[in-house]
Colleague: 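Quick one: the structure is below, and I'll ask about it shortly.
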Amino acid sequence: MLDIKLIRENPDFVKERLSTRDESYVSVIDRVLEIDTRRREMVKSIDSLRAERNERSKLFLVYKKEGRDVSEIQRRVHQIGEEISSLNKELEEIEREFNYLLLTVPNLPAKDVPIGKDENDNIEIRRWGKPREFDFTPIPHYEIGEKLSILDFERGAKISGSRFTVMYKEAARLERALINFMLDIHTKEHNYTEVWTPALVKPDILQGTGQLPKFKEDLYKVEEEDLYLIPTAEVTLTNLHADEILSEEQLPLYYTAYTPCFRKEAGSHGKDVRGILRQHQFDKVELVKIVKPQDSYSELEKMVNEAEKILQLLEIPYRVVLLCTGDMGFPASKTYDIEVWIPSQNRYREISSCSNTEDFQARRAKIRYKDKDGRNHFVHTLNGSGLAVGRTLIAIMENYQRPDGTFYIPEVLRKYM
RNA sequence: GGAGAGGUGGCUGAGUGGUCGAAAGCGGCUUCCUGCUAAGAAGUUGUGCGGGGUAAAACCUGCACCGAGGGUUCGAAUCCCUCCCUCUCCGCCA
């Protein structure tokens with residue numbers, strides 16, 4: 001959520017930044033400003049009516065003690081009460097729209113984010129490793145998995161539908177090994193605190209990180225319960241401190257968690273239908289940082305390095321891409337994607353996304369810290385995949401495949417198998 | 001799921017219709033005194049939204065908030081209703 005004061009005081013700046021994502025936000029901001037003015041006028045008159053009511057209620061007591069007639073006060077206070085409640089009804093409506101609009105406006109892109117429309121305008125920052133030269137034609141992971149009988153798409157579809165897969169033996173073990181490996185690296189080498197979280201959360205938690213109210217279509221909801229399945233552990237980890245005022249000494253906080261993630265993948269029909277690249281349920285090891293504002297951009301760079309470290313240890317080629325304004329997620333002010341080399345597709349595919357949301361999520365989730373002078377500020381929050389486990393599995397199967405249809409397990413993972 | 005108890009400020013804990021944003025203690029902060037493996041005294045110490053003020057603060061001021069939402073009342077932390085959560089016992093259960 002953007003700071004309404006920023007919108008009020010620098011509307012042109014806000015519009016300029018938002019229009020790098022989409023022109024249509026300009027009119028939304030105008031509407032926000034319009035409603036904000038009305039809102040404040042109403043709050044003002046309601047507050048002064050309340051002040052009057054408080055005043056008269058005190059008088060009431062005094063009169064009563066003095067034995068004077070109080071019926072006039074009674075009448076007036078009652079009348080004020082009715083005026084307040086009718087104004088309140090109006091205000092509620094205004095605030096409903098105001099809040100909805102504010103909650104559906106995305107974060108402002110940072111100044112150094114390239115302006116662009118879609119992924120074609122992203123900027124490659126660096127590459128690591130050289131794609132292997134095969135002396136045979138590499139096959140996709142789903143063919144490898146089916147031949148080895150370790151990936152079962154038919155039965156996945158039978159028991160759960162499309163975009164669900166069953167894994168056996170080496171695939172299942174590798175999945176588990178990767179989770180442990182990633183968590184170990186992040187906790188032991190990068191100083192993250194390991195966390196285990198619920199996978200079902202309340203709606204206001206999803207509002208805190210930005211999935212609600214705008215992206216409801218992509219979330220699974222439990223019927224008859226006001227609970228949603230998390231699309232990422234970013235949701236639970238970031239909201240750990242929702243509604244809290246942290247002390248300055250507590251910062252920075254680094255959290256990592258393995259959780260399953262659930263996404264409806266609405267709007268990606270026909271995309272990546274084969275294999276386990278895009279599933280309704282997948283595993284991810286997530287990284288979340290809660291930091292002081294002045295540190296958030298250096299922490300972002302560090303976080304990308306920490307995610308990269310996993311691929312380096314696995315010795316799988318990848319590249320780092322800086323997303324352009326049009327390709328960035330809703331709460332992000334700056335995002336780096338890590339894309340891993342997929343031989344069967346002869347290209348890099350996203351395996352991690354690391355974002356600084358500045359105070360966008362902190363403001364929604366009300367995560368603040370008190371500085372040395374006793375003043376409260378919103379923290380900055382960052383999140384990144386460290387990494388998507390299923391996609392790492394794909395990368396291993398494909399990059400380390402042998403001509404006989406088997407594949408090699410990277411050295412660092414052997415002790416986990 | 002059933003029965004009972006309870007949800008108050010950073011913590012403990014008073015408060016059953018007005019003078020309560022809320023006693024007291026602890027903790028935190030500031031100052032003073034003393035002087036040395038710290039003790040004492042005084043003051044101060046919640047959050048949010050408005051208005052005024054400032055270069056920005058400080059500061060002044062209005063309103064709201066005592067689990068959440070509704071209701072009764074001239075007036076609610078205090079009474080009523082609904083919901084949520086915690087604890088104890090029983091049941092069930094990985």
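In what follows, chains are A, B, ... by sequence order, proteins preceding strands, each numbered from 1.
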Colleague: Please write out the pairs of protein N or O atoms and N or O atoms of nucleotides 52-61 of chain B separated by less than 3.5 Å, giving the distance to one decimal.
Modeller:
residue	atom	partner	partner atom	Å
B/A57	O3'	A/R375	NH1	3.4

Colleague: For B/A56, give its Watson-Crick or G-U wobble partner with both distances under 3.5 Å, or none.
Modeller: none

Colleague: Starting at atom CE of A/M1, determine the distance to atom C1' of B/G48, rounded to an integer number of angstrom.
Modeller: 12 Å

Colleague: Mind checking the P distance from B/U47 to B/G10? Whole angstroms is fine.
Modeller: 8 Å

Colleague: Between B/C84 and B/G21, how many Å separate the two P atoms, rounded to a whole number?
Modeller: 31 Å

Colleague: Write down the distance separating the C1' atoms in B/C90 and B/U12, rounded off to the nearest Å.
Modeller: 31 Å

Colleague: Go through B/C63, B/G18, B/G48 for me and flag the one nearest to the A/L61 side chain.
Modeller: B/G18

Colleague: Can you check the distance between B/A22 and B/A55, where both ends of the measurement are the C1' atom (answer in whole Å)?
Modeller: 38 Å

Colleague: With heavy atoms under 4.0 Å as the rule, sort A/I245 into base, sugar-phosphate or nothing.
Modeller: sugar-phosphate

Colleague: Would you check if the distance from the ring center of A/Y255 to the ring center of A/H241 is below 6.0 Å?
Modeller: yes

Colleague: Does a salt bridge link A/K117 with A/D121, judged by any charged N lying under 4.0 Å from a carboxylate O?
Modeller: no

Colleague: B/G48, B/C74, B/C63: which one has an atom nearest the side-chain heavy atoms of A/V77?
Modeller: B/C74

Colleague: Please give the distance between the C1' atoms of B/C66 and B/G48 as a whole number of Å.
Modeller: 15 Å

Colleague: What is the distance, to the nearest angstrom, from the CZ atom on A/R363 to the P atom on B/G48?
Modeller: 12 Å

Colleague: Rounded to the nearest angstrom, tell me the gap between atom CG in A/D226 and atom P in B/C85.
Modeller: 11 Å

Colleague: Under 30°, 30 to 60°, or over 60°: which ring-plane class applies to A/F262 and A/Y220, parallel, tilted or perpendicular?
Modeller: perpendicular

Colleague: Roughly how far apart, to the nearest Å, are B/U88 and B/G51 at atom P?
Modeller: 48 Å

Colleague: Specify the residue among A/K64 and A/G374 whose closest nucleotide of RNA chain B lies further upstream toward the 5′ end.
Modeller: A/K64

Colleague: Nearest-nucleotide wise, let me know which of A/K58 and A/K44 is further upstream toward the 5' end of RNA chain B.
Modeller: A/K58

Colleague: Salt bridge (Lys or Arg N to Asp or Glu O under 4.0 Å) with A/E97: which residues, sequence neighbours excluded?
Modeller: A/R31

Colleague: Determine the interplanar angle of the A/Y369 and A/H377 rings, folded into 0 to 90°, and report it as parallel if under 30°, tilted if 30 to 60°, perpendicular if over 60°.
Modeller: tilted

Colleague: Could you check how far NZ of A/K366 sits from C1' of B/G46, rounded to whole Å?
Modeller: 16 Å

Colleague: In terms of side-chain heavy atoms of A/R40, which of B/C74, B/G51, B/G62 is nearest?
Modeller: B/G51

Colleague: Take atom C1' in B/U54 and the same atom in B/U61, then report the distance between them in whole Å.
Modeller: 16 Å

Colleague: Using purine N1 to pyrimidine N3 plus N6-O4 or O6-N4 for Watson-Crick, or N1-O2 and O6-N3 for G-U wobble, both under 3.5 Å, which nucleotide pairs with B/U78?
Modeller: none

Colleague: Mind checking the P distance from B/A5 to B/C93? Whole angstroms is fine.
Modeller: 28 Å

Colleague: Within a strict 4.5 Å, meaning less than it, do heavy atoms of the A/K264 and A/K221 side chains meet?
Modeller: no

Colleague: Using whole Å, what does the distance between atom P of nucleotide B/G48 and atom NZ of A/K5 come to?
Modeller: 9 Å

Colleague: Strictly below 4.0 Å, N to O, side chains only: are A/E55 and A/K58 in salt-bridge contact?
Modeller: no

Colleague: Could you let me know what B/G91 is paired to, Watson-Crick or G-U wobble, both distances under 3.5 Å, or none if it's on its own?
Modeller: none

Colleague: Which is true for A/I73 with a 4.0 Å heavy-atom rule: it touches a base, it touches only sugar-phosphate, or it touches nothing?
Modeller: nothing

Colleague: Please report the closest heavy-atom contact between A/N107 and A/L18, naming both atoms and the distance.
Modeller: O-CD2, 4.1 Å

Colleague: Grab the CG-P distance between A/D204 and B/C84 for me, whole Å please.
Modeller: 15 Å

Colleague: Partner of B/G25 by Watson-Crick or G-U wobble geometry, both contacts under 3.5 Å, or none?
Modeller: B/C11

Colleague: Can you check the A/R76 CZ to B/U73 C1' distance for me, whole Å?
Modeller: 18 Å

Colleague: Taking a pair as Watson-Crick or G-U wobble with both distances under 3.5 Å, which nucleotide is matched to B/C63?
Modeller: B/G48

Colleague: For B/U19, which nucleotide is its Watson-Crick or G-U wobble mate, given both distances must be under 3.5 Å?
Modeller: none

Colleague: For B/A5, what is the paired nucleotide under Watson-Crick or G-U wobble rules, both distances under 3.5 Å?
Modeller: B/U86

Colleague: Within this structure, what is the CG-to-C1' distance between A/L246 and B/G46, rounded to whole angstrom?
Modeller: 16 Å

Colleague: Answer yes when A/R8 and A/D3 have at least one side-chain N-carboxylate O distance shorter than 4.0 Å, and no when they do not.
Modeller: no

Colleague: Looking at the rings of A/H190 and A/Y254, which for Trp means the six-membered one, are their centres under 6.0 Å apart?
Modeller: no

Colleague: Determine, for nucleotides 64-72 of chain B in 5'-to-3' order, which nucleotides have protein heavy atoms under 4.0 Å from the base (write B), from only the sugar-phosphate (write S), or from neither (write -).
Modeller: S--------

Colleague: Go through B/G50, B/G48, B/C74 for me and flag the one nearest to the A/Q74 side chain.
Modeller: B/C74

Colleague: Taking a pair as Watson-Crick or G-U wobble with both distances under 3.5 Å, which nucleotide is matched to B/C32?
Modeller: B/G40

Colleague: Please confirm whether A/F215 and A/F330 have ring centers closer than 6.0 angstrom.
Modeller: yes

Colleague: Indicate whether the side chain of A/E265 and that of A/S268 have a donor and an acceptor atom separated by less than 3.5 Å.
Modeller: yes

Colleague: Measuring from the side chain of A/R8 (C-beta onward, heavy atoms only), which nucleotide among B/G46, B/G50, B/G62 has the closest atom?
Modeller: B/G50

